[in-house]
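Report on the following structure.
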Amino acid sequence: MKARILLTLLLLASVLGAAEKINYFPRYKVARLTQEQLATNAPAAIVLDGEIYEQTESLLSDLRVLNSDGKALPYLLEKMQRTKPVERLLPVPVRIANTTRNDDGSVVFTLTLPQFLDNLVRLEVISNSRNFDRKVKIEFLGQNGEWRTAADDRPVFDYSGTYEFRRTGIAFPPAGGKQARVTIRPLGESELSPVLRLLNGSAPHADENGFPGSRDSELNVTDLVFLQNNPFEKSVPATREFTPEVTRYEEVDGETVIGLEAKHHPITRFEIQSDTPVFIRRVVVLGGSSPDKLRPLLESSISRLLPDEQPAIELGGEMRLNCYEIRIRNNTRPPLEAPSVSASGPVYQLVLLPPGDEALRVYFGAEAPTPDYDVKLLLRRTGRTVYATLGPRHNNPEFRQGPAAFDTRTLLIALAGGFILAALLLALKIFKPFGAPQAK
């Protein structure tokens with residue numbers, strides 16, 4: 001009896017110590033570190049690529065990293081960060097030294113800067129007027145006494161109504177000087193402003209926006225503010241861009257319908273490219289596992305008030321769906337010219353303690369639960385992280401259809417069953433059957 005109990009406990013110990021089998025993971029990739037990277041003894045990171053996103057579960061739970069001995073290595077799944085200079089705009093006090101009004105309706109402001117500045121990047125036009133539309137020219141007086149143009153014929157406008165169009169700031173490449181000259185002029189009779197393009201051909205829209213006839217109202221400038229860029233280094237989430245496959249494109253009842261297949265890539269925003277220089281549209285975004293299982297995700301608007309703008313749809317969170325559908329509501333307006341869609345989202349990486357191996361295998365593509373790893377040491381990691389190079393995809397030669405041998409839940413069930421079996425065996429040993437003959 002003691003031998004049977006001992007055998008049962010040994011079997012239970014072998015069950016609890018069994019490693020998860022990898023033969024039900026259909027594919028893997030090899031991640032390589034250089035000898036120089038291994039010599040640093042620093043934590044290693046494996047950046048996931050598009051193929052892994054397309055073949056993994058939505059929560060990225062089916063990822064396993066094995067070393068050359070076939071031992072699973074604990075990892076921490078996190079969004080990759082990168083350090084980049086971030087723009088920090090600070091107002092620069094200026095004094096309007098002179099104001100000249102010309103017969104063509106233009107106004108020229110001569111501004112005195114507090115000192116010679118060479119990192120000015122933006123001008124804000126402060127006004128108490130609404131429903132205006134102007135073009136602006138910005139010049140700076142250099143140390144050689146010559147005026148240099150930083151921005152020419154850049155539009156500023158402010159219209160209110162059912163739709164609001166507001167653009168009173170002008171960005172330009174870094175420039176500066178000891179004096180500035182700002183010329184604000186009305187549009188010529190033959191010029192068509194961005195706002196007029198939006199309202200063109202639709203009198204009801206023009207009435208809604210308070211558009212007074214063929215020209216706009218007077219512009220009363222109360223102040224001009226220059227902004228100086230003082231950038232600083234900041235850690236921000238890294239992003240990757242890709243182009244989803246277009247599976248459907250048609251015009252239906254005043255809507256442009258674009259069907260997309262994203263193959264589970266993480267997405268936080270869509271960008272709409274079009275040959276239409278100026279537009280504003282309402283959009284509806286749907287998503288799901290297949291084209292016939294779509295659900296509404298958001299309703300928003302996209303607009304391009306200037307030709308150099310890039311309209312974007314912010315999803316308000318990360319999505320990892322297979323299919324999307326973007327419906328652009330044109331109503332009575334003509335559809336956008338040659339629209340196309342690109343997407344962007346976060347970059348994920350697997351962070352491991354110094355692996356000690358030059359080559360690691362990253363298995364993926366199975367319906368597997370999230371591994372229950374102890375990541376306390378990973379959370380306390382210090383020092384610079386080195387990055388492994390991820391190679392092409394390989395099929396697992398030991399692949400077998402079936403679930404994992406053991407996960408955390410299976411081990412707990414096996415543990416409970418083992419204790420129950422051991423208790424029964426002990427009970428049979430201690431409490432013998434009644435009426436058994438006693439040895440003399």
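Here the structure is a predicted model, which is why all the values come from computation and not from measurement.
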Please name the residue in the list Gln179, Arg181, Arg148 that meets the side chain to side chain donor-acceptor pair (under 3.5 Å) test with Glu139.
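Testing each of Gln179, Arg181, Arg148 against Glu139, the sole residue satisfying side chain to side chain donor-acceptor pair (under 3.5 Å) is Arg181.
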Out of Arg320, His264, Glu51, which residue meets the side chain to side chain donor-acceptor pair (under 3.5 Å) rule with Thr56?
Arg320
Could you state the interatomic distance from CG (Leu73) to CG (Leu352), rounded to the nearest 0.5 Å?
6.0 Å
Nearest 0.5 Å please: distance from the CG atom of Asp158 over to the CG atom of Asp133.
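That separation rounds to 10.0 Å.
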Lys NZ or Arg CZ of Arg304 over Phe279 ring: under 6.0 Å, within 45°:
no
Is any side-chain heavy atom of [X] closer than 4.5 Å to a side-chain heavy atom of [Y]?
{"X": "Leu390", "Y": "Ile52", "value": "yes"}
{"X": "Pro114", "Y": "Val92", "value": "yes"}
{"X": "Leu120", "Y": "Gln228", "value": "yes"}
{"X": "Glu299", "Y": "Arg329", "value": "yes"}
{"X": "Leu360", "Y": "Val30", "value": "no"}

Does [atom1] belonging to [X] count more than 12 external heavy atoms closer than 6.0 Å?
{"X": "Asp253", "atom1": "CG", "answer": "no"}
{"X": "Glu233", "atom1": "CD", "answer": "yes"}
{"X": "Arg88", "atom1": "CZ", "answer": "yes"}

Side-chain ion pair, Asp153 and Arg185, N-O less than 4.0 Å:
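The answer is yes: the pair qualifies as a salt bridge.
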So, are Arg269 and Glu241 salt-bridged, with charged N and O less than 4.0 Å apart?
no
In terms of relative ring orientation, are [X] and [Y] parallel, tilted or perpendicular, with 30° and 60° separating the classes?
{"X": "Tyr75", "Y": "Tyr373", "result": "perpendicular"}
{"X": "Tyr363", "Y": "Phe25", "result": "perpendicular"}
{"X": "Tyr348", "Y": "Tyr53", "result": "perpendicular"}

